[in-house]
Structure formats: C-alpha cells, structure tokens
Amino acid sequence: MNYNKFPETKIVGYDHQAYSKEQIVPELRRHQDKKMIVVECYPGVENEALDLMIEVFQPERIILSQDIFYENKILNFLMAPYLTEDRVRGTMCYGKMEDFVDQKKLKAIQESLDLQQRTLIYGVGASLITMGDLLIYGDMARWEIQLRYRRGMPNVYQHNEDEDSLKKIKRGFFVEWRLADKRKMSIFEDIDYLLDTNTAQDPKMITGVALREGLKQMTTQPFRLVPYFDPGVWGGQWMKEVCGLDPQEKNYAWSFDGVPEENSLYLRYGDVRIEIPCMDLTLYQPKAFLGQKNFSRFGAEF
C-alpha cells in the first residue's frame with residue numbers, strides 16, 4: 001500500500017515564519033503595541049481562536065462581527081433566492097459580504113471605536129469594521145467545515161444546529177463560502193498572519209508573507225491536494241485496503257482527491273504543516289495555476 005493520504009508541498013525559504021501551537025503566543029505578543037487587532041474568520045472557525053486571541057492580547061474591549069449583520073430572519077430572506085427548495089442544489093451567490101451587513105449597525109460600531117483602547121475585533125466579516133493595526137486571518141478547510149456541520153455546528157450567524165447537514169453544506173457552498181472567499185481575496189495582501197484552525201486544540205500559524213510566497217511557489221511544481229473519503233449507500237470495502245482507511249467504517253463510497261473547490265492543501269514550512277483550502281491558491285494565483293486561456297474563459301474557477 002503506497003497511497004499517501006497526507007501529501008505535503010515543501011515551501012522553501014520561510015521556515016522561520018511558521019509557528020507551532022507553543023510558538024504562536026510569544027510571536028503574537030511581539031505586537032503588544034498594537035491597539036486594533038482584527039481577526040477575520042472563515043465560516044466554521046469557532047471560539048477556540050477567540051480564546052487564544054484574548055489570552056495573547058488581553059483586550060480592553062471585544063467586538064464580535066456578528067453585531068454588524070442583519071438579524072437572522074433578514075439574512076435568511078436575503079439568502080433565500082440562492083438556497084432554493086432543493087435539499088442539495090442552490091444557485092451561486094455572486095454578491096459580496098457587505099450586502100448582508102446592516103449599515104446602521106456598522107456605522108455605530110465604527111463611530112464607537114477608541115483608537116487608544118486595545119480592541120479585539122473577531123469573526124466572519126471583522127475586517128469590514130476596520131482593517132486595524134494587526135490583521136490575522138483564521139482559515140479552515142472546507143471538508144473540516146462539513147464535518148463540523150454534521151456534528152451540529154450551525155451556519156454563520158444562524159440557529160440551525162439540528163438542520164439537515166446537507167442543507168447546511170448547501171448554504172456554505174453556494175453562499176457563505178463564496179462571500180468569504182471574495183472578502184478574503186480583497187484583503188489577502190494585507191494579512192499579517194494566517195491561523196490554521198482545522199484542529200481546534202492544535203492551531204498553527206504562518207506570516208502573510210510566507211503564505212503568499214508559498215502559494216506562488218506551488219504554481220511552479222507538481223503537487224497533490226489533501227484527499228478525503230466518505231461512506232455512502234453504494235459504498236464498498238475496496239478503498240479501505242487500497243488507501244489504508246479506517247476498517248471500522250461500514251463502507252466508503254466517495255473519494256475526493258482533485259477538487260480545489262472542496263479539497264485542501266498541506267504546506268510544509270520546516271517543522272510546521274499548515275492546512276488551507278485549495279481555493280486560496282485558485283483565487284490568489286489563478287493565471288499561473290489555471291493558465292491564461294482557462295482563466296480568460298472561466299475566471300478563477302477550477
């Protein structure tokens with residue numbers, strides 16, 4: 001059995017800009033002079049990153065980005081055209097995150113900011129309030145998000161913990177992830193640190209420079225995406241033996257190993273391995289990754 005379930009791409013030249021869990025706190029504490037700390041989060045990143053930021057920065061004030069968005073019922077009304085009545089398939093949302101923000105709430109919070117008070121602004125859409133003095137991005141692979149939906153995690157600013165997980169994934173795929181990707185790319189060059197939150201109790205971190213340069217390196221060489229596997233009604237036992245999967249599972253039906261919209265990447269920086277969505281590469285380096293002809297015809301879509 002030679003199938004590698006954990007394919008990594010080694011990034012050259014930035015080992016000193018990658019941090020294990022134990023190194024994150026001392027590295028971020030180098031920025032104690034900063035007053036406005038902004039942690040923009042991808043959908044699915046939960047409060048474990050918030051607790052870490054509080055430990056590091058000891059803020060005098062905490063602002064949660066959920067307070068600038070419309071209330072739950074209005075969000076559902078605005079998203080309804082994209083969600084459809086189908087259990088699985090929706091319509092792609094090409095809007096932007098700002099379309100779902102209550103501008104009165106946003107303005108009130110912006111006007112209340114005290115530039116001399118150490119403030120932590122946290123959550124999906126946090127950077128809409130201000131870009132701050134230090135911008136950290138909490139990222140997460142889409143497969144991990146789907147697994148969390150199954151375990152009961154709700155969608156962004158929703159109360160649908162008990163909803164069918166397929167409907168949660170539909171909301172993510174057709175709306176939330178699209179809005180978050182667009183927001184991420186609009187601030188990508190400004191990110192000071194990326195926080196890998198895929199393992200709640202074992203976060204990793206790299207500098208924004210290491211992230212961006214690493215993605216540029218990936219377009220110059222072959223690489224593999226991180227595979228994932230899932231049971232299904234038509235599944236069997238073949239993949240268990242060939243791919244070295246959990247023998248306790250009833251079966252395996254799905255195997256995804258080349259879908260940037262859902263698979264992730266492992267980037268190796270010295271002793272630290274970072275996991276990010278492959279869409280980061282697709283969106284940040286579309287011409288180099290996809291080729292000029294494909295990009296011209298289809299845009300930043302794999």
Side-chain angles (χ1 to χ4, degrees), residues 3-32 34 37-57 122 134-145 147-148 180-181 184-185 187-228 257 260 262-285 289:
Y3 185 80
N4 180 9
K5 299 191 295 294
F6 308 101
E8 300 177 351
T9 300
K10 179 174 175 56
I11 304 302
V12 178
Y14 296 89
D15 294 1
H16 64 292
Q17 296 188 35
Y19 310 93
S20 64
K21 176 183 178 181
E22 295 72 25
Q23 296 169 324
I24 290 174
V25 172
E27 171 61 22
L28 289 181
R29 281 184 173 160
R30 296 176 51 247
H31 300 280
Q32 290 290 350
K34 303 294 194 301
I37 298 96
V38 177
V39 183
E40 176 74 36
C41 295
Y42 203 75
V45 179
E46 299 185 282
N47 285 346
E48 65 267 12
L50 175 60
D51 296 338
L52 176 62
M53 294 301 117
I54 293 173
E55 175 189 350
V56 171
F57 294 107
Y122 182 94
L134 186 70
L135 179 59
I136 300 169
Y137 196 96
D139 216 349
M140 180 171 287
R142 290 181 173 181
W143 179 234
E144 174 61 24
I145 299 171
L147 293 177
R148 293 189 181 198
D181 283 344
K184 183 193 294 183
M185 285 305 114
I187 63 173
F188 208 72
E189 293 289 351
D190 300 303
I191 294 172
D192 294 304
Y193 292 97
L194 179 132
L195 193 65
D196 171 358
T197 66
N198 288 284
T199 304
Q201 304 306 317
D202 190 25
K204 310 290 192 333
M205 190 176 74
I206 53 173
T207 66
V209 171
L211 168 66
R212 292 183 287 271
E213 293 302 315
L215 292 178
K216 291 175 184 176
Q217 287 186 27
M218 295 200 70
T219 66
T220 68
Q221 59 187 301
F223 62 87
R224 278 186 58 206
L225 281 63
V226 180
Y228 68 84
D257 201 354
E262 296 197 47
N263 287 100
S264 57
L265 298 170
Y266 283 147
L267 308 186
R268 170 62 63 177
Y269 295 84
D271 296 331
V272 178
R273 184 177 75 187
I274 299 290
E275 183 175 10
I276 60 172
C278 188
M279 282 304 293
D280 288 4
L281 175 62
T282 309
L283 293 166
Y284 182 58
Q285 293 289 299
F289 180 33

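Just so you know, these numbers use all the heavy atoms, side chains as well, and skip hydrogens, waters and symmetry mates.
Ring-plane geometry between Y42 and Y137 is classed as tilted, the angle between the planes lying from 30 to 60 degrees on a 0 to 90 degree scale. By the 30° and 60° cut-offs, the orientation of the rings of Y193 relative to H31 is perpendicular.
The 12-atom threshold is not exceeded at CG of D271, counting heavy atoms of other residues, nucleotides or ligands nearer than 6.0 Å.
In terms of heavy atoms, P203 sits closest to L195 at CB-CD1, 4.4 Å. For the pair D190 and R212, the tightest heavy-atom approach, listed with the atom from each and the gap, is N-NH1, 4.2 Å. Looking at every heavy atom in both residues, Y269 comes nearest to D15 through C-OD1, 3.6 Å. Residues R148 and E46 approach most closely at NH1-OE1, 3.3 Å, considering heavy atoms. A pairwise comparison of heavy atoms in L28 and I136 identifies CD2-CD1, 4.1 Å as the closest pair. Contact detail for P277 and D139: the closest heavy-atom pair is CD-OD2, 3.5 Å.
For R142 (side chain) and M279 (main-chain N/O), no donor-acceptor pair under 3.5 Å exists by modelled atom type.
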Fill in: Stepwise side-chain hydrogen bond (donor to acceptor under 3.5 Å, both in side chains) test for Q23 and S20
CA-CA 5 Å; Q23 296 169 324; S20 64; 3.2 Å; yes
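Between L267 and M218 there is a side-chain heavy-atom pair separated by less than 4.5 Å.
A donor-acceptor pair shorter than 3.5 Å cannot be found between the side chains of E144 and Y228.
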